[in-house]
Participant: 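Below is the structure I would like to discuss, written out as structure tokens.
Each residue takes its place number in the sequence, starting with 1. Remember, it's 1-based here, ligands and their atoms both numbered in the order they're listed.
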Amino acid sequence: MREDFDVGADWHVADPYAFLARLRERAPVFRSEHLGAYVLTRYADVRAAYGDPRRFSSEGSLTISRSLTTETKEKLGEHGSFLSSFVANVDPPDHTRLRRSVSKAFTPRAVAAMEQEFRRLNEDLLDRLAPRGHADFVTEIGHEPSVKLTARFIGVPESDEAFVQSHVKDWFQLFLSPQPPERQLELAGSFLTYLDYVDRLVAARAKDPKDDFTSLMTSLIGEELSHREVVELISTILLGGNDTVPNQLGNTVLRLLREDAWPVPPPLVAGASEECMRIDGASLGSFRYAAADLTTHGVDIPQGSLVLLSTDSAAHDETVFPDPDRFVIDRPNAAEHMVFGYGIHFCVGAALGRLQLRTALEVLGRRLPGLRLAPGQEIAYRRSIVGRGLPSLLVEW
Ligand code: HEM
């Protein structure tokens, strides 16, 4: 097979599915030179690997800080290994302890209580935008309600939201995508400002607790968590909550408009959002390290190798989802996709993500039933190894 798993290539970003189907059939364990990783593409293999954290380790799997220059590392000091105790980045027993703490904030009751707030944020936004008749869905509609909800969940005061948002964007860039040296230093400065802010927020909640995530995690310092872990957990929620849901919503709206399925009748919203997550998932997969020498489908994976579990391919596996490239609004088993992962690292925010997606589709469908794509635009997904999202989507109504 001459093609590679090249997430930088236009064809791969636009439509990798014929290629992934060939991999599933002929090379279910594929060594990608481009990624420097083995890629698992069959549903059963991806699921089995997620379910076997002893052999497929998460330790350090997200740490891109390897690409930082010495100067940037010096500037960051002890923070150079930020995210090293990120919950998605560690194995048991640390994972079990961190996960137990973070889960306390995501009880079904706490998640359900966020629905009204999220609905109101969407209604407020549409009150402002609806008279205009057009917008960039991604930058003007998709992000704001999720970003505001996440900030309130954490306990960031409204007056600080814009400040936090701009610094969070900077540190995502610093730690999650390779940057040129000069830019790294700039981003590192911004990151230190962000850390200082979170430190002050934690100190304020230690003195005067409120009903928010920061207060709950701060109350566990000393017993279950260290100060640094609390700062990282807050950052984790910003990472998980700020971008993935808006990306999934943008992908979902594009799919529904293209399939002539807008607005979705309320009884079909839950199923439609699962099918959209399956067919255009905002996450493409997860990385793991082989914790031992492994052999799968006759291919040797040496200990220490990086392995990509391609949930995007798994979601298009014809043995699980018949006619996988076709959008079926009420596909009976659509929710078996693994866009939220699977196993011990299964997305802690999955219920909240689903709730936001359904609520947004319901409110948007009711308020903007005539939504359509603006003519003459070029629509292309961002280049990314692990995420799928649109930089822009022009719509009219
Ligand atoms: C549609 C939206 C979302 C998608 C597609 C998504 C996807 C994922 C995936 C694939 C994982 C597993 C990572 C792995 O196994 O390596 C994960 C874990 C995680 N997600 Fe999400 N997520 C979403 C929304 C959220 C939200 C709203 C939050 C928080 C408010 C969140 C917080 C987390 C956290 C903390 C983890 C780590 C869990 C662990 O390692 O135990 N996510 N997410």
Participant: Within 45° of the ring axis of F321 and under 6.0 Å from its six-membered ring centre, is that where the NZ or CZ of R331 lies?
Facilitator: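 No, a cation-pi geometry is absent between R331 and F321.
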
Participant: Going by distance only, is there an N or O of G341 that falls short of 3.5 Å from an N or O of ligand 1?
Facilitator: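 N/O-N/O distance below 3.5 Å does not exist for this pair.
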
Participant: Give the atoms of ligand 1, by number and element, whose distance to some non-hydrogen atom of I344 is under 4.0 Å.
Facilitator: 41 (O)

Participant: So which bit of M338 gets within less than 4.0 Å of ligand 1, heavy atoms only: side chain, backbone, both or neither?
Facilitator: neither

Participant: Any ion pair linking E274 and R354 (charged N to carboxylate O, less than 4.0 Å)?
Facilitator: yes

Participant: Report the part of T311 (side chain from C-beta onward, or backbone N, CA, C, O) that has a heavy atom under 4.0 Å from ligand 1; answer both or neither where that applies.
Facilitator: neither

Participant: Does the residue R354 have a heavy-atom contact with ligand 1, meaning some pair of atoms that are separated by less than 4.0 Å?
Facilitator: no

Participant: So for S283, does at least one of its heavy atoms come nearer than 4.0 angstrom to any atom of ligand 1?
Facilitator: yes

Participant: Considering the heavy atoms of A88, write down every atom of ligand 1 situated less than 4.0 Å from one of them.
Facilitator: 37 (C), 40 (O)

Participant: I344 versus D91: any side-chain heavy-atom pair under 4.5 Å?
Facilitator: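 No - every pair of side-chain heavy atoms lies 4.5 Å or more apart.
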
Participant: Contact between N247 and ligand 1, counting heavy atoms under 4.0 Å?
Facilitator: no

Participant: Just going by heavy-atom distances, which of T150, T244, V87 is nearest to atom 23 (C) of ligand 1?
Facilitator: T244

Participant: Which bit of R288 gets closer than 4.0 Å to ligand 1, counting heavy atoms only: side chain, backbone, both or neither?
Facilitator: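 The answer is the side chain of R288.
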
Participant: Heavy atoms, side chains only, cut-off 4.5 Å: are Y289 and L306 in contact?
Facilitator: yes

Participant: Which residue from L309, L233, I237, N89 reaches closest to atom 30 (C) of ligand 1 through any of its heavy atoms?
Facilitator: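 Minimum heavy-atom distance to atom 30 (C) of ligand 1 goes to I237.
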
Participant: Among all residues two or more places apart in sequence or in another chain, which pass the side chain to side chain donor-acceptor pair (under 3.5 Å) test with S32?
Facilitator: D4

Participant: Quick one: are the ring centres of F106 and F153 less than 6.0 Å apart?
Facilitator: yes

Participant: For ligand 1, which atoms sit closer than 4.0 Å to a heavy atom of T236?
Facilitator: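 Listed by number with element: 35 (C).
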
Participant: From the options R128, R132, H134, select the one residue that forms a side-chain hydrogen bond (donor to acceptor under 3.5 Å, both in side chains) with E140.
Facilitator: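 With E140 as partner, R128, R132, H134 yield a single side-chain hydrogen bond (donor to acceptor under 3.5 Å, both in side chains), made by R132.
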
Participant: Which of these, D312, N247, D280, N251, sits in a side-chain hydrogen bond (donor to acceptor under 3.5 Å, both in side chains) with R388?
Facilitator: D312

Participant: Please verify whether a non-hydrogen atom of Y50 lies at under 4.0 Å from ligand 1.
Facilitator: yes

Participant: Could you list which atoms of ligand 1 come closer than 4.0 Å to a heavy atom of R99?
Facilitator: 38 (C), 39 (C), 41 (O)

Participant: Check E362 with R119, please: is the shortest side-chain N to carboxylate O separation under 4.0 Å?
Facilitator: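 Counted as a salt bridge, because a side-chain N and a carboxylate O are separated by less than 4.0 Å.
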
Participant: Answer yes or no: is there a side-chain heavy-atom contact under 4.5 Å between T139 and S392?
Facilitator: no

Participant: Is the shortest distance from a heavy atom of V348 to ligand 1 less than 4.0 Å?
Facilitator: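 Within the 4.0 Å threshold, so yes.
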
Participant: Once you restrict to heavy atoms under 4.0 Å, what part of H345 touches ligand 1? Side chain, backbone, both or neither.
Facilitator: both

